[in-house]
Amino acid sequence: MRLISVVAIVVIFGFIFVGILHLHPIGEPVGNPRILYERPPLGIDTQGVTIMDDYFLRNGQVETGSNNIVASIVFDYRGFDTLGEATVLFIVVSSISMLFFTFLKSKSIVSAGVPRARQFPRIESRIITFGAFLMYIMILSFGIYLVVHGHVSPGGGFQGGSVMASATALLLISFYITRHMQRTRKIFSFFESLGLTIFIGMGFAGIGISFLYNFLAHGTTVFGKIIPFGPNPGYLISAGILPWLSLAVGIEVFFGLSLILVTLFHASGVKNNL
Amino acid sequence: MSAIILYITFVLLFTMGLFALIFKRNLIKIVIALNILDSGMNLFFITLGYRHNATAPIFTLLPWDTHITMVLPTPQALILTNIVIGFATTALMLGVAILTYRNNKTLDTRKLRGVEEL
């Protein structure tokens, strides 16, 4: 049986190796490398477009108003895919809550009769707590910056939410312990559901044309600033529903991942409570 | 030509992950193997969209000249989704591992042969 597995892995290795030899050389992908040349400043222009990525690069900034083409793909062109991904995250958080249901139902996570210091042995030094709190504020600010500037600079809802969740992880490993797991779970799951609800609500707001249509762009509202093609300093209020979707995803990812972290951390540290 | 190292790294990561996935008995090591496989796939996708002497697909304060090129944006968007999904599934698998250890006092898959007969 072991021999068969080794042979199978070697065969798969060989297939992949032969397969990549037939790919395009690295650094010269399919598509038109001259796709950004001689682009008129406004309007949709499909001259020289050979593949999907060429269309996104040539029209993404003008069509969605977002300087970040990756964000325009994630939240506009492939917005339905992003909704599915947010739903996957929601389902994972629900599954973990379901797995640790009896643990989460207990009022206090500290087992009766055992001193708290023995259940969570840790150094509660003033330097660690203050330093961790300081770093918590700074990491949280950076995460909020990433979420809000998702359509202008590298970043977006998923990245910013993950950064903010890492701040929660810092608090957990340094000093913070939730005494009332039930209340924490309620708050976190409320905000997580709120993020997903905002996302779906923004999708249904443009239902007149299609689901997740970017109805705020194209110069009708304050978010519909007309952005000509080319480099610019970046306008925070632009890109239609992209900042709103980014904010919704950021809220959902932050609270969802934080709930996962808090649940797993407390569940792995407590004995005789499940 | 030295950029072929990216494809070789992908093949090594993928095969290592597959090998550990099949032959390791510890549940935590299986989770780590899936993560290695995941990283290999991410590297492969990013490598597919790479373009020589190109910038990131972001127009903010871009130093503009007439010969500007950009890397392909769609693989980056796909990887962005894959990273978060990978994190979430890893968390779910670790949660299952925690419960498995708590109920059976072992993480060895050879000893986890169904429910004991009552």
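In what follows, chains carry the letters A, B, and so on, assigned in the order in which the sequence lines appear, proteins first and then strands, with residues in each chain numbered from 1. Worth saying up front: this structure is predicted, and the values here are computed from it rather than measured. Just so it is clear, the values below take in all heavy atoms, side chains as well, and ignore hydrogens, waters and symmetry mates.
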Check your understanding: Where do A71(A) and S66(A) come nearest, in terms of heavy atoms and distance?
Key -> CB-OG, 4.3 Å
Exercise for review: Determine the option with the most heavy-atom pairs under 4.5 angstrom with chain A, choosing from T47(B), T69(B), I8(B), L48(B).
Suggested key: L48(B)
Study note, to complete from the structure: Given L94(B), N53(B), L18(B), I68(B), the one with more heavy-atom pairs under 4.5 angstrom with chain A than any other is I68(B)
Check your understanding: Which value, rounded to the nearest 0.5 Å, describes the distance between F19(B) atom CZ and I36(B) atom CD1?
Key -> 12.5 Å
Check your understanding: Under 3.5 Å, is there a donor-acceptor pair between the N82(B) and N42(B) side chains?
Key -> yes
Check your understanding: Any side-chain donor paired with an acceptor under 3.5 Å for S72(A) and D76(A)?
Key -> no
Exercise for review: Answer yes or no: are there more than 12 heavy-atom neighbours, outside D108(B) itself, under 6.0 Å from its atom CG?
Suggested key: yes
Exercise for review: Just say parallel, tilted or perpendicular for the rings of F44(B) and F10(B), cut-offs at 30° and 60°.
Suggested key: parallel
Quick one: which of [options] has the most heavy-atom pairs under 4.5 Å with chain B, could you say?
| options | result |
| --- | --- |
| E28(A), M52(A), Q159(A) | Q159(A) |
| L57(A), V88(A), D81(A) | L57(A) |
| L23(A), L89(A), I260(A), I12(A) | L23(A) |
| T82(A), I26(A), I51(A), V93(A) | I26(A) |

Which atoms of [X] approach chain B - backbone, side chain, both or neither, heavy atom under 4.5 Å:
| X | answer |
| --- | --- |
| F229(A) | side chain |
| V10(A) | neither |
| P154(A) | both |
| R2(A) | both |

Side chain, backbone, both or neither: which part of [X] has an atom under 4.5 Å from a heavy atom of chain A?
| X | result |
| --- | --- |
| F87(B) | side chain |
| I83(B) | neither |
| V71(B) | backbone |
| I22(B) | side chain |

Review point. How would you list, in number order, the residues of residues 54-62 of chain B that have a heavy atom less than 4.5 Å from chain A?
Key: P57(B), I58(B), F59(B), T60(B), L61(B), L62(B)
Check your understanding: Within a strict 4.5 Å, meaning less than it, do heavy atoms of the S153(A) and Y145(A) side chains meet?
Key -> yes
Exercise for review: Find out whether I46(B) and L6(B) are in side-chain contact, i.e. whether some heavy atom of one side chain is under 4.5 Å from a heavy atom of the other.
Suggested key: no
Review point. Do N67(A) and N232(A) pass the side chain to side chain donor-acceptor pair (under 3.5 Å) test, and can you show the C-alpha distance, the side-chain angles, and the key distance before you say yes or no?
Key: CA-CA 8 Å; N67(A) 280 343; N232(A) 60 50; 2.6 Å; yes
